[in-house]
Trainee: 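My questions all concern the structure below.
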Amino acid sequence: MKKFLCVLCILLCALSGVFANGSSETSADSSRPVVRVYCGWAETQLPNWRALVDEYNANPDNPITIQLEFFGSSGYFDRLNAEFLAGDPPEVFQLTKTVFNEYAAAGRLYDLTDYLAERGLSETLNKGAQAWAGPLVNETGHVYGFPDFANTSCIFYNVNMFKELGIEEPTDMESLREAARILNENGKKAIVTGASDWCATDLFAKVQAQMVGTDILIDAYMGNAQYNDPVLVEALTVVDNMVKENIIDPSSADYNDDEAIAEFVSGNAGMYTAHTAMTAMIDSLAASMPGFEYNIIKNIDFVEDPLISVPVTWGQMWCVPADCDNVEGALEALTFLFGEYVANDTVEKVGKIYNVESWNKNLSHPALRTAVDYQMPSSATADSFYLVDMVSSRVLENLNRGIQQMIQGRLTPQQVLDNAQQTWVDEQAQRQ
Amino acid sequence: MKKTIQERYKLKWFELFLAPALILYTIFWAVPILSTLSFSFTNWSGITPLSQADFVGLKNFKQMTTDPIFIQSLKNNFQYGIVMVLVVPPLSFMIAYLLDTHVPFKKFFGVLAYIPAILPSVVVMLLWRWILNAQYGLVNTLLRAAGLDKFAIGWLSNVETALWAVTFVSIWKTIPVYMILALAGLQQIPVEYKEAAIIDGANEWQRIIHVIIPSMRGVFYTIFTLIIIDVFRVFELVYIMTEGGPGYYSTEMLLTYMYKTSFSSYMAGYGSAIAATTIIIVLFITALNMKLSAKYDEE
């Protein structure tokens, strides 16, 4: 027994020594405040940031130490929620638009309107992005997050295949139909997509944005309109007709993004529809396909007199908690991470599209360059909001599943949207 | 009767050694379960402070009775559970029996059969997702090679086959665990019983039915109880392979729906009610299983 107690005492002493050493090291490094920055993405999605942050931290003139943590989505929101509930959230964190809406509506985010004005960003930050950075119903027009990188909803096409088959870049439904016909006649699928995931709803978003814009989405979210509104049914019918006419290949219902991209890159399909964030995945697959060259269609009108060119996801939001203890430090971290220095490096090395036009000057990726030059300027309004980010996660899932079944020929557009509306009604009843 | 000093001393040590486990159990099991139960009577979102949530009584539970996704999840869970309960125990027993009596190099094949159980779940699910892929999956490639093109379908993207495919993968992954339990049970049967049956002229089938299976009643009871608990705990299998799809929730299970409700839709109160209901269902079925087993033992 005595021996046991002695061993226990020694172990406790040793452990206390370890902790004492650990804490002394921390205190030596903490001469300036540490600002925790949580990124929901994996480090591979922003591979240059770690080095840039290290460089910032190494400079003794900088007022804070940035502690950057990447999560790679798994467990990110659970951790963030837990820290919020424990009253110790990070000073800066990234939120997807749908989650951001919830946080902003719950009053948990710091108002960044004055901060943007002081940095002169109220003028230069894309107007569509600024509207995006508020809660869904934003009567004051205030901004509660810094929208990071834009992605336009687009159709990628195989440049060489189009050249070889003499296909012109489509500009409207008629020319798209013609392009699909030529591709099909040559044994190729026209448009493929990963409809087992959110790309199903992306198809719908493309037409909806051109036909009716954002207001109806906000109204439906607020209960002042319905997701099965005739105009939305009409928009989805355009997609359904594209499937029936073989413009969108029906096998897309079985594909996830990897599979659809594989079809596109391997030359089985002439076009792939998604949004520009998929360029990274296309590039990684295309690396093993010499001679494969692609771009995005500059502008395609699915309807007559479209309201805007394309829907845009103006990015994920970088936010500061409303009750942040160190607002100055948090804003300093935001200023560094979303300043021109980091932007230039990120545009060049990672190929991200920033919401400040001048920061994209070094962007060289052909498809992304097309998005910046042709699509973003014509969509810089609040009507460009991306449907995928404008509905609750449950409605989005319901739409994805429904459109997937529509592509399989099991449901009509009306049924898909009736189900989506019912899901939203049920969800609201459960929330109350 | 008074306890001797020695007995009291032993009892204190016993309590002392039990304490860490009891504390851990309380922190990581009892407290979360009781918290979940208490959250289920609120409309807590999960992202606002709990103090801002309202007490809503049984509203969440009432809401579940008209929630089509919950009802679909419950149906799927029961369909999956019934197949698992009907298929896994007999198959586990058959493999264990073959390994124990008919297969040479028992240890080698035993280890081989156990491999699916030791592989990380995520790896297994991703592997099977590839095997069952509609375009380039192994299953469809083999079917096409055999000229059976019409059977080469999207196993995980077709609403009619997805739940069966998921169940099949679960059976493949689960059987080795129960096979080991069955093997242990088989090896505990006294050799004399089998020898006596042989002397009495019983053939192999008669020995299995009348000697081996009745002798393994305790093991089967354990297997059934564990499977019942397992089928209502199914989460990563569905979340990784199908995310509850394809179509309208054709593979959604109670826990995947609970997770999405709590952590994607931010309805922690309603999600807790789903979790509480799942706990009640598992407790009820397990209690029923215990009662039936006890009744059978009495007879």
Side-chain angles (χ1 to χ4, degrees), chain A residues 1 74-78 80-82 84-87 96 98-99 101-103 105-108 192 195-197 200 251-256 258-260 262-263 266 268 392-398 400-402 404-408 410-411 415-416 419 422-423 426-432, chain B residues 13 43-52 54 56 59-60 62-64 66-70 122 129-130 132-137 140 152-160 162 239 242-250 252 257 259-271 273-274:
Chain A
M1 184 65 194
S74 68
Y76 175 63
F77 289 114
D78 300 349
L80 199 59
N81 280 339
F84 256 98
L85 291 172
T96 56
T98 31
V99 182
N101 290 338
E102 303 279 345
Y103 272 73
R108 303 194 70 89
V192 288
S196 69
D197 206 348
S251 55
S252 292
D254 288 338
Y255 296 152
N256 59 27
D258 293 354
E259 293 155 6
E263 288 289 286
S266 60
N268 291 333
S392 78
S393 60
R394 191 181 290 185
V395 172
L396 175 62
E397 186 181 25
N398 188 279
N400 290 338
R401 309 277 185 236
Q404 184 189 24
Q405 291 212 59
M406 186 190 80
I407 296 172
Q408 288 173 336
R410 293 167 188 268
L411 291 177
Q415 287 170 320
V416 171
N419 284 331
Q422 189 55 48
T423 299
D426 290 344
E427 186 177 341
Q428 281 173 310
Q430 287 157 17
R431 270 182 202 283
Q432 284 161 4
Chain B
W13 274 110
N43 63 356
W44 186 41
S45 70
I47 57 171
T48 50
L50 193 56
S51 56
Q52 287 177 16
D54 298 322
V56 294
K59 184 186 157 286
N60 287 332
K62 202 177 154 196
Q63 200 76 51
M64 275 191 288
T66 55
D67 179 354
I69 310 176
F70 173 78
V122 177
R129 214 170 71 173
W130 172 77
L132 297 170
N133 183 281
Q135 301 305 309
Y136 51 80
N140 283 357
I153 56 170
W155 299 97
L156 293 173
S157 57
N158 189 316
V159 286
E160 274 135 26
Y239 204 72
T242 61
E243 287 185 50
Y248 289 124
Y249 320 104
S250 59
E252 198 77 81
Y257 182 48
Y259 179 83
K260 289 175 189 173
T261 304
S262 303
F263 301 110
S264 298
S265 299
Y266 294 103
M267 292 189 281
Y270 190 65
I274 298 169

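Bear in mind that the values here come from a model prediction, so they are computed numbers and not experimental data. Proteins get letters first, then strands, A, B, ... in listed order; numbering begins at 1 in each.
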Trainee: Not counting sequence neighbours, which residues clear salt bridge (Lys or Arg N to Asp or Glu O under 4.0 Å) with Glu252(B)? List them please.
Mentor: Lys260(B)
Trainee: Using a cut-off of under 4.5 Å on heavy-atom pairs, state which of Tyr270(B), Phe263(B), Tyr248(B) scores highest against chain A.
Mentor: Tyr248(B)
Trainee: Measuring from atom CG of Leu156(B) to atom CG of Asp254(A), what distance do you get when rounded to the nearest 0.5 angstrom?
Mentor: 10.0 Å
Trainee: Check whether Thr261(B) gets within reach of chain A through its side chain, its backbone, both or neither, counting any heavy atom under 4.5 Å.
Mentor: both
Trainee: Look at Asp426(A), Asn400(A), Val99(A) and state which one has the largest set of heavy-atom pairs under 4.5 Å with chain B.
Mentor: Val99(A)
Trainee: Tell me, for Tyr255(A) versus chain B, whether the close heavy atoms (under 4.5 Å) come from the side chain, the backbone, both or neither.
Mentor: side chain
Trainee: Tell me the closest heavy-atom pair linking Gln405(A) and Gly247(B), and the distance in Å.
Mentor: NE2-CA, 3.1 Å
Trainee: Select one option (side chain, backbone, both, neither) describing which atoms of Ala429(A) are under 4.5 Å from chain B's heavy atoms.
Mentor: both
Trainee: Go through it in stages, so that I can follow the logic: the residues are Ser157(B) and Gln404(A), the test is side chain to side chain contact (heavy atoms under 4.5 Å, CB included), and I'd like the CA-CA distance, side-chain angles, deciding distance and then a yes or no.
Mentor: CA-CA 9 Å; Ser157(B) 57; Gln404(A) 184 189 24; 4.2 Å; yes
Trainee: Can you name the salt bridge (Lys or Arg N to Asp or Glu O under 4.0 Å) partners of Arg431(A), sequence neighbours left out?
Mentor: Glu102(A), Glu427(A)
Trainee: Sort Arg394(A) into side chain, backbone, both or neither according to what part of it lies under 4.5 angstrom from a heavy atom of chain B.
Mentor: both
Trainee: For the candidates Asn133(B), Asp54(B), Val56(B), Ile69(B), which exhibits the highest count of non-hydrogen atom pairs separated by less than 4.5 Å from chain A?
Mentor: Asn133(B)
Trainee: Need one label for Glu243(B): side chain, backbone, both or neither, based on atoms under 4.5 Å from any heavy atom in chain A.
Mentor: both
Trainee: Looking at Ser264(B), is its backbone amide N or carbonyl O close enough to the side chain of Ser393(A) to form a donor-acceptor pair, meaning the two atoms are under 3.5 Å apart?
Mentor: yes
Trainee: Heavy-atom distances under 4.5 Å only: say whether Tyr257(B) touches chain A with side chain, backbone, both or neither.
Mentor: side chain
Trainee: Give the minimum heavy-atom separation between Gln63(B) and Gln430(A), together with the two atoms involved.
Mentor: CG-CG, 3.3 Å
Trainee: With only heavy atoms counted, which part of Leu80(A) is less than 4.5 Å from chain B, the side chain, the backbone, both or neither?
Mentor: neither
Trainee: Does any backbone or side-chain atom of Trp44(B) lie under 4.5 Å from a heavy atom of chain A? Answer side chain, backbone, both or neither.
Mentor: side chain
Trainee: Which one of Arg410(A), Gln408(A), Gln422(A) has the most heavy-atom pairs closer than 4.5 Å to chain B?
Mentor: Arg410(A)
Trainee: What are the two closest heavy atoms between Gly46(B) and Leu85(A), and how far apart are they?
Mentor: O-CD1, 3.6 Å
